[in-house]
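Data block below; observations after.
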Amino acid sequence: MTEDLPEMRASDADRERVAEVLREAVAEGRLDMEEFQERLDSAYAARTQGELAPLVRDLPQTTGAAAPAESAPAGRGWADRFGGSATSRSGVAVMGGFVRKGPWTAPRRFTGFAFWGGGEIDLREAYFEDREVEIRCFAVMGGINVIVPDEAEVDVRGIGVMGGFDHSAAGRGEPGAPRVVVSGFAFWGGVGVERKRRRAERRERKRLEGGHGHGHGHTYGHGHDRRRDDRDD
């Protein structure tokens, strides 16, 4: 990223390098979650270098955010996202809601409970206490949505009793990625489990596939077709 050329169009790699600086800053306590989310949204929406520069001007840039795109590292691997202490072990929504998203650290076992309410557990930007984590979801006349990284191995063991427990995201993952077990039950409620790419990855895929008109399906081992969700949320 180059501040000397503020009108130069930003690339997906530029946006992702800024996002990585922001993730490091929130992990170090330099940004609170609200400001982190505001800056992250602005980074992914930025069109020019000049819009990106102010987002990290007051932060240390040790991840290579200012380096040219061609010399930037490929990005944080999965091995760097395992270990550390969990930042949250449960979420409760009673006639309300809870959200766990962004660069939080998921525990080996997380329990979510929703009664006349809703919860969202997003693991795409998360760190993991261990390579295998279990997300226990109990939805009673409420709903919980679990979003897992598209590369993860997913094992869904929950059941629905006069409710729904989504098993469509279950399947094998890529080597080195986390294993996510989703268990629990839904009674007069629902638990959704879906795979999604990070926003930067979805944008890069759209750029590479632009104009080809191909579908969004991708086949993994054993003939399992896992649909990618390319929405921006």
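Just so it is clear, the model here is predicted, and its values are computed rather than measured.
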- Message: Just verifying a value: how many Å separate E151 CD and W78 CH2, rounded to the nearest 0.5 Å?
- Response: 5.0 Å

- Query: F110, V140: one ILVMFWY side-chain cluster at the under-4.5 Å cut-off?
  - Reply: no

- Task: Specify the closest pair of heavy atoms between G164 and A186, including all atoms of both residues, with the distance to one decimal.
- Result: O-CB, 3.4 Å

- Message: If I take atom CG from residue L22 and atom CZ from residue R30, how far apart are they, to the nearest 0.5 angstrom?
- Response: 12.5 Å

- Query: Does any non-hydrogen side-chain atom of P149 lie less than 4.5 Å from one of L123?
  - Reply: yes

- Task: Give a yes or no on this: more than 12 heavy atoms of other residues, nucleotides or ligands lie within 6.0 Å of atom CE of M162.
- Result: yes

- Pair E35 + R39: basic N to acidic O under 4.0 Å: yes

- Residue of the set I135, D155, V154 for which side chain to side chain contact (heavy atoms under 4.5 Å, CB included) holds with V181: D155

- Query: Is F187 reachable from F113 through a run of hydrophobic residues whose side-chain heavy atoms are each under 4.5 Å from the next?
  - Reply: yes

- Would you name the heavy atoms of R47 and R15 that are closest together and state the gap between them? CA-NH2, 4.2 Å

- Report yes or no: do M33 and L55 belong to one cluster of Ile/Leu/Val/Met/Phe/Trp/Tyr joined by side chain heavy-atom distances under 4.5 Å? yes

- Query: Taking the side chain from T87 and the backbone from T105, do they hold a donor-acceptor pair closer than 3.5 Å?
  - Reply: yes

- Is there a side-chain contact between E194 and S168, using heavy atoms and a 4.5 Å cut-off? no

- Message: Using the ring centroid of each side chain, check whether Y127 and F82 are separated by less than 6.0 Å.
- Response: no

- Message: For a side-chain contact (heavy atoms from CB on, under 4.5 Å) check, start with the C-alpha distance between I121 and W104, then their side-chain angles and the critical distance, and finish with the verdict.
- Response: CA-CA 10 Å; I121 304 165; W104 68 296; 3.9 Å; yes

- Query: Would you say R108 and E132 make side-chain contact, with heavy atoms under 4.5 Å?
  - Reply: no

- Please examine the side chains of V156 and F165, heavy atoms only from C-beta on, and report whether any two atoms are closer than 4.5 Å. yes

- Message: Same cluster or not: V18 versus L40, using hydrophobic residues (I, L, V, M, F, W, Y) connected whenever any side-chain heavy atoms lie under 4.5 Å apart?
- Response: yes

- Message: Would you compute the distance between atom CD1 of I159 and atom NE2 of H167 and round it to the nearest 0.5 angstrom?
- Response: 8.5 Å

- Shortest non-hydrogen contact from D166 toward V193: OD2-O, 3.2 Å

- Looking only at non-hydrogen atoms, find the nearest pair between V133 and P107 and report the distance. CG1-O, 3.2 Å

- Whether R81 side chain and F128 backbone form a donor-acceptor pair below 3.5 Å: no

- Give a yes or no on whether F36 and V99 share a hydrophobic cluster (residues Ile, Leu, Val, Met, Phe, Trp, Tyr; joining criterion: side-chain heavy atoms under 4.5 Å apart). no

- Message: Quick check: do I144 and F138 have side-chain heavy atoms less than 4.5 Å from each other?
- Response: no

- Do you know the tightest heavy-atom contact between A114 and G143? CB-O, 3.9 Å

- Looking only at heavy atoms, which two atoms of V21 and P60 are closest? And how far apart? CG1-O, 3.7 Å

- Query: In Å, rounded to the nearest 0.5 Å, how long is the span from SG of C137 to CZ of R157?
  - Reply: 13.5 Å

- Item | Atom pair CG (L52) and CE (M8), whose distance is rounded to the nearest 0.5 Å | 12.5 Å

- For the pair R89 and R109, evaluate side-chain contact (heavy atoms from CB on, under 4.5 Å) and give the outcome as yes or no after the intermediate values. CA-CA 7 Å; R89 297 187 180 276; R109 175 177 287 184; over 6 Å; no

- Nearest-0.5 Å distance, CD of residue Q49 to CZ of residue R9: 11.0 Å

